[in-house]
Number of protein chains: 2
Amino acid sequence: MFARNGYVGTRIDGIAAAAGISKGLIYHYFGSKEEIFNTLIESATHGTIRLYQQAFGLPGGAAERLRWLMEQVATGLVEQPHMFMVVLQAFVSDAVPQEARELVSTLAAKTRSIVAQFITEGQQNGEIVQGDPEHLAFLLGSCIQGLAVAKAMSTPMPSLSAADSLIRLFTRSTPPESGD
Amino acid sequence: MFARNGYVGTRIDGIAAAAGISKGLIYHYFGSKEEIFNTLIESATHGTIRLYQQAFGLPGGAAERLRWLMEQVATGLVEQPHMFMVVLQAFVSDAVPQEARELVSTLAAKTRSIVAQFITEGQQNGEIVQGDPEHLAFLLGSCIQGLAVAKAMSTPMPSLSAADSLIRLFTRSTPPESGD
DNA sequence: TCTTTGACTGAACGATAAGTCAACAATAGC
DNA sequence: GCTATTGTTGACTTATCGTTCAGTCAAAGA
């Protein structure tokens, strides 16, 4: 609902109808529309941050862990595309509760920082292409985000394999099989 | 206005106040809120499509023309970030006039098709990495879109050079200067 | 000067949506 | 069975926003 219609475009009546309950019951559980949205955003960002931290604590090479992380992210996007879209709404729109925007901002900062550390590590053993790690992390994050949008909009193209192609562009030591 | 607040989140009163005119005058020029939005989207998509077609008619190698196009796109994004955001709103949200959504859909299809032709051409003379052209065009387009979002949200990172790094990942014959 | 045309305004209207509340049902404890 | 607590409803209130419209003002033409 919030994913496709945005915060302002989503009606409490609509949520109630979709959930099969009455509007009054919604206000029994949540204090306001803002609170519903914030709860949603908090849940989404919390899960994502935990995933990134989990990848960070994993054994193995940087490129390998980064690839695992991207696979996890891609899987999540395929399974729950609307979750990402809600976060995107909170990221790009001014017409959302401030708390939600702040949550998403810190999410973006944290994930970028973690990816940058992966890249720094991967560059030292030549697994990942050269360049400023922060810069590359920003680039990779943006690309993933773009792919996620495309995927969520159910464009005819599968973005799972696209994510795979993307990570391949960033890594070096992979065998020269670029087709598929 | 539409760029940051979305279609539903933007108020006619707000537009009128920002333009320094009365609400009535807006309805003197436009028939409805939908019409305002559609006009905006049409203007944005028309300009973008023309740019892509222009790049297609240019002389020179495929990679060179593709790089020129990306530079133009990046410049446009820097100069008018909100223009892109409005189009993004129309692309990801259901809460916008149908006509606007259709305009953006055809925009996405056309640009991807043109980029795919560039890639096909560039692959034949080894300028561009291997892989399914449609697939790569989709990937490149998504990444550009992601970078555009990051840029429009004025994240501390400059996405102009990021776009440059991105196109460098896609091309092959460039000298091995990957840093900076 | 009189009329016409078009830019322009702001009050008013109708619709819609967030939030409230009094009442009702169900369940549990006694 | 009775009472207290919790879950649940939908009509009501209140405010906002898109849209309309009656009317003002100024310039142009006759």
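The sequence lines fix the lettering, A, B, ..., with proteins before strands; numbering per chain opens at 1.
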For a quick test of your reading: what N or O donor-acceptor pairs under 3.5 Å do the side chains of residues 57-66 of chain B make, sequence neighbours left out?
{"unit_1": "B:R65", "atom_1": "NE", "unit_2": "B:G60", "atom_2": "O", "d": "3.3"}
{"unit_1": "B:R65", "atom_1": "NH1", "unit_2": "B:F56", "atom_2": "O", "d": "2.8"}
{"unit_1": "B:R65", "atom_1": "NH1", "unit_2": "B:L58", "atom_2": "O", "d": "3.2"}
{"unit_1": "B:R65", "atom_1": "NH2", "unit_2": "B:E121", "atom_2": "OE1", "d": "3.1"}
{"unit_1": "B:R65", "atom_1": "NH2", "unit_2": "B:E121", "atom_2": "OE2", "d": "2.8"}

(message) Are B:F91 and B:V96 packed together at the side-chain level, in the sense that at least one heavy-atom pair is separated by less than 4.5 angstrom?
(response)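 Not touching, per the 4.5 Å side-chain cut-off.
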(message) Are A:I36 and A:F2 packed together at the side-chain level, in the sense that at least one heavy-atom pair is separated by less than 4.5 angstrom?
(response)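 Contact flag for A:I36/A:F2 side chains = yes.
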(request) Let me have a per-nucleotide readout for nucleotides 7-21 of chain D, 5' to 3', with B, S or -, counting only protein heavy atoms under 4.0 Å. (result) SBBB------SBBB-
(request) With sequence neighbours excluded, tell me which residues meet side chain to side chain donor-acceptor pair (under 3.5 Å) with A:R101. (result)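 Checked A:R101 against side chain to side chain donor-acceptor pair (under 3.5 Å); matches are A:D94.
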Throw together a table of side-chain donor-acceptor distances under 3.5 angstrom for residues 12-31 of chain B, partners on residues two or more places apart or in other chains.
{"unit_1": "B:D13", "atom_1": "OD1", "unit_2": "B:K23", "atom_2": "NZ", "d": "3.4"}
{"unit_1": "B:S22", "atom_1": "OG", "unit_2": "B:L25", "atom_2": "N", "d": "3.4"}

(message) Listing request: all salt bridge (Lys or Arg N to Asp or Glu O under 4.0 Å) pairs with a residue in residues 33-51 of chain A, at least two apart in sequence or in separate chains.
(response)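 For residues 33-51 of chain A, and leaving out neighbouring residues, there are no salt bridge (Lys or Arg N to Asp or Glu O under 4.0 Å) pairs at all.
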(message) So if I apply the side chain to side chain contact (heavy atoms under 4.5 Å, CB included) rule between A:V73 and each of A:T111, A:L147, A:L51, which one comes out positive?
(response) A:L51
(message) Let me check the geometry of the helix from C:dT1-D:dA30 to C:dC30-D:dG1. What is the bend angle between the axes at its two ends, five pairs each, to 10°?
(response) 10°
